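Remarks on the structure that follows.
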Amino acid sequence: MLWQEADAFAAEYVAPRVARMEAAPGRVERKVADLMAARGWFAVTVPAVFGGLGAGHVARTVLVHRIARVSAAAAAILQATLIPVGALLHFATYEQKGRWLPRVADGSVLLSIAVTEPLAGGHIGGIETTAERAGNEWVITGSKIHIGNSHLAGAHLVVARTAGPGVSTSQALTAFIVEADRPGLSVSDHRAGLGLHGFSAGRLDLDHVRVPEDNVVGEIGQGLAVAQSSSILYGRPNLAAVSLGIHEAVVDTTTARLKTRPRYQGALSDLPVLRDRVGGMEARLRAARILAYQAVHLLDQGLPCDADLINSKYLGHQWAVQSAQDAMELHGAHALDGDYIVQRLWRDIQHTYPPAGTGEVQRIRLADAAFAEDHFQWSERLAAEAAWARPDPTAT
């Protein structure tokens, strides 16, 4: 039912906006975000007690995947808030969950997660943004870049350095909720990227921004855990779903074109050399779909699956890029038309490579699994926490 609902939503509300989003890449798309919020989709994994759908990780993938078939930018808006929501679910106190998650569920507040920095990039250990204690407040100073939903978020989950030199990264960072209207927080003007037109991934500057003690998410020094777990359990499967949606659109667009383009006494789709290329695209698409859904199914079942989540992002992107390039070539010069869908898909798929770890990072983590050195599994910890949080059915 959710799959059908997402398809109907994308056809009715997202598809008519795509041309406008492409024509005005410097404009942030807000209406689609409002419409998704009205359906509670930003809280798809949030328990009902906090106003969410409590539908799980397969449901999350369904939503992102099906919307990405029509607009990867719209899907990116959804997935970017789901990452900090996951961080709150696993690290926030009950009071903090009660304060923030219902507002995400009713759409009154979207979230971003702010880790990446101008000099450090995605290297968490190189974070230079600092947070210093001042009485019962923390004062945060620094800059963050490439922050998804930077212009839509009402609050940002900011990871900052709270310990000086000599302290290991695993204990030197802390996560904070920083409301968008805090004095000293500024968001740079939106600048369009290569693709994902309508989605904002901008820069935050924090100039001695003060937040209260109860805006700390998790324990002091637990920021690395907040960032890493969110990336693995939410960021990577979300990006796998975006890649999958783009991949499906690539194959659908290509086969439709080849079937209707006349050649000799038939169509281009009759030529064996082209069918061979399309067969490769279809094989990659089917494998990517299995990887994406198997990984989040394991997560829903409470089974250790960090490597599966990592692999679904890595191969899902890689295969979609290969198919997008094939599509560009199979369309010939027509693919170079600025307003043609294949060019948009080719541009959009480039955006699923850097976030949540590049391909090199994913392969290193997969090598850890191959050598049985991935001793700590965030998915296993998640399962243990979920089991601990469930009421005992035998209790009276």
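Just the heavy atoms: all of them, side chains too, but no hydrogens, waters or symmetry mates, feed the values below. If you're wondering where the values come from, they're calculated on a predicted model, not measured in any experiment.
Remark: side-chain polar atoms of Glu282 are not paired, donor with acceptor, to backbone N or O of Arg277 under 3.5 angstrom. Judged purely by atom type and a 3.5 angstrom limit, Ser379 uses its side chain to pair as donor or acceptor with the backbone of Asp306. With hydrogens and angles disregarded, a donor-acceptor distance shorter than 3.5 Å links the side chain of Gln350 to the backbone of Trp346. Checking side-chain atoms of Thr358 against main-chain N and O of Pro354 turns up no donor-acceptor pair under 3.5 Å. Within the 3.5 Å criterion, the main-chain N or O of Ile349 finds a donor-acceptor partner in the side chain of Thr352. Between the side chain of Asp106 and the backbone N or O of Ser108 there is at least one donor-acceptor pair closer than 3.5 Å. Formation of a donor-acceptor pair under 3.5 Å by the Gln96 side chain with backbone atoms of Thr93 is found in this model. Under the 3.5 Å distance criterion, the side-chain polar atoms of Glu137 are left unmatched by any main-chain donor or acceptor of Pro212. Under the 3.5 Å distance criterion, the side-chain polar atoms of Ser312 are matched with a main-chain donor or acceptor of Leu309.
Taking the six-membered ring for Trp and thresholds of 30 and 60 degrees, His317 and Tyr353 have ring planes inclined between 30 and 60 degrees apart.
Here the OG-CZ distance, from Ser269 to Arg263, works out to 11.5 Å after rounding to the nearest 0.5 Å. Separating the NZ atom in Lys144 from the CD1 atom in Ile113 is a distance of 9.5 Å, to the nearest 0.5 Å. Note that CG of Leu89 and CG of Leu233 are 11.0 Å apart. Values are rounded to the nearest 0.5 Å. Here the OG-CG distance, from Ser243 to Leu285, works out to 11.5 Å after rounding to the nearest 0.5 Å. From Thr81, atom OG1 reaches atom CG of Leu78 across 8.0 Å, with rounding to the nearest 0.5 Å. Between the CD1 atom of Ile77 and the CG atom of Leu82 there is a distance of 12.0 Å, given to the nearest 0.5 Å.
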With a 3.5 Å cut-off and sequence neighbours excluded, list the donor-acceptor pairs that the side chains of residues 184-191 form with protein atoms.
from   : atom 1 : to    : atom 2 : distance (Å)
His190 : NE2    : Pro25 : O      : 3.4

Got a list of side-chain donor-acceptor pairs under 3.5 Å for residues 193-200, not counting sequence neighbours?
from   : atom 1 : to     : atom 2 : distance (Å)
His197 : ND1    : Glu22  : OE1    : 3.3
His197 : NE2    : Gly193 : O      : 3.1
His197 : NE2    : Leu194 : O      : 3.4
Ser200 : OG     : Ser150 : N      : 3.4
Ser200 : OG     : His151 : N      : 3.2

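Residue pairs that meet the ring-ring contact (aromatic ring centres under 6.0 Å, His included) test with at least one member in residues 210-251, sequence neighbours left out, are His57-Tyr234, His90-Tyr234. A side-chain hydrogen bond (donor to acceptor under 3.5 Å, both in side chains) check over residues 212-225, counting only residues at least two apart or in different chains, returns the pairs Arg99-Asn215, Arg133-Glu213, Trp138-Glu213, Glu179-Asn215. Residues in residues 273-301 take part in these ring-ring contact (aromatic ring centres under 6.0 Å, His included) pairs, two or more places apart or across chains: His65-Tyr293. The salt bridge (Lys or Arg N to Asp or Glu O under 4.0 Å) analysis of residues 145-167, with sequence neighbours excluded, yields no pairs.
Under 4.0 Å is where a charged nitrogen must lie from a carboxylate oxygen, and between Asp270 and Lys259 no such pair does. Under 4.0 Å is where a charged nitrogen must lie from a carboxylate oxygen, and between Lys31 and Asp34 no such pair does. Taking a cutoff of 4.0 Å between a charged side-chain nitrogen and a carboxylate oxygen, Asp252 and Arg69 qualify as a salt bridge. Checked for salt-bridge contact, Glu248 and Arg66 meet the test: a charged N lies under 4.0 Å from a carboxylate O.
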* Asked: Going through the distances and angles, do Thr129 and Glu117 end up as a side chain to side chain donor-acceptor pair (under 3.5 Å)?
  -> CA-CA 8 Å; Thr129 297; Glu117 295 194 352; 2.7 Å; yes
* Give the C-alpha distance, both sets of side-chain angles, the deciding distance and a yes or no for side chain to side chain donor-acceptor pair (under 3.5 Å) between Thr45 and Arg60. => CA-CA 7 Å; Thr45 60; Arg60 164 169 60 111; 5.5 Å; no
* Quick one: do Asp326 and Arg284 satisfy salt bridge (Lys or Arg N to Asp or Glu O under 4.0 Å)? Show the steps, please. => CA-CA 12 Å; Asp326 280 348; Arg284 291 189 290 269; 2.8 Å; yes
* Step by step, would you call Thr162 with Leu173 a side chain to side chain contact (heavy atoms under 4.5 Å, CB included)? -> CA-CA 5 Å; Thr162 49; Leu173 306 174; 5.7 Å; no
* To do: Before giving the answer on side chain to side chain donor-acceptor pair (under 3.5 Å), spell out for Gln322 and Gln318 the whole-Å C-alpha distance, their side-chain angles and the decisive distance to 0.1 Å.
  => CA-CA 6 Å; Gln322 189 174 352; Gln318 186 179 64; over 6 Å; no
* Asked: Stepwise, does the side chain to side chain contact (heavy atoms under 4.5 Å, CB included) test hold for His156 with Leu204?
  -> CA-CA 9 Å; His156 309 280; Leu204 309 180; 3.7 Å; yes
* What's the verdict on side chain to side chain contact (heavy atoms under 4.5 Å, CB included) for Arg236 and Gln362, showing C-alpha distance, side-chain angles and the deciding distance? -> CA-CA 10 Å; Arg236 287 164 184 171; Gln362 313 302 335; 3.4 Å; yes
* Asked: Could you walk me through whether Ser112 and Asn149 pass the side chain to side chain donor-acceptor pair (under 3.5 Å) check?
  -> CA-CA 6 Å; Ser112 83; Asn149 283 345; over 6 Å; no
* Between Leu88 and Leu101, does a side chain to side chain contact (heavy atoms under 4.5 Å, CB included) hold up when you go through it step by step? -> CA-CA 8 Å; Leu88 290 178; Leu101 294 180; 4.0 Å; yes
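Under the 6.0 Å cut-off for aromatic ring centres, Trp100 and Phe50 do not qualify, their centroids lying 6.0 Å or more apart.
Within the 4.5 Å cutoff, the side chain of Val85 has no heavy atoms near those of the Phe42 side chain. Using a 4.5 Å heavy-atom cutoff, the side chains of Phe91 and Ser230 are not in contact. Taking the side chain as every heavy atom from C-beta outward, Trp41 and Leu2 approach each other to under 4.5 Å. With a 4.5 Å cut-off on side-chain heavy atoms, Val178 and Val209 count as touching. When side chains are defined from C-beta on, Tyr340 counts as touching Arg257, because their heavy atoms get closer than 4.5 Å. Considering only heavy atoms from C-beta on, Leu152 comes within 4.5 Å of Val28 through its side chain. Put simply, the side chain of Met21 reaches to within 4.5 Å of the side chain of Ser71, judged on heavy atoms.
For His334, the NE2 atom sits in a packed shell: over 12 heavy atoms of surrounding residues, nucleotides or ligands are nearer than 6.0 Å. Counting heavy-atom neighbours within 6.0 Å of Arg27 CZ, excluding the residue itself, gives a total above 12. Heavy atoms from other residues, nucleotides or ligands lying under 6.0 Å from OH of Tyr264 number 12 at most. Atom CD of Gln4 has 12 or fewer neighbouring heavy atoms from other residues, nucleotides or ligands inside a 6.0 Å radius.
Among Leu345, Thr254, Val342, the one residue that satisfies the side chain to side chain contact (heavy atoms under 4.5 Å, CB included) test with Met328 is Val342.
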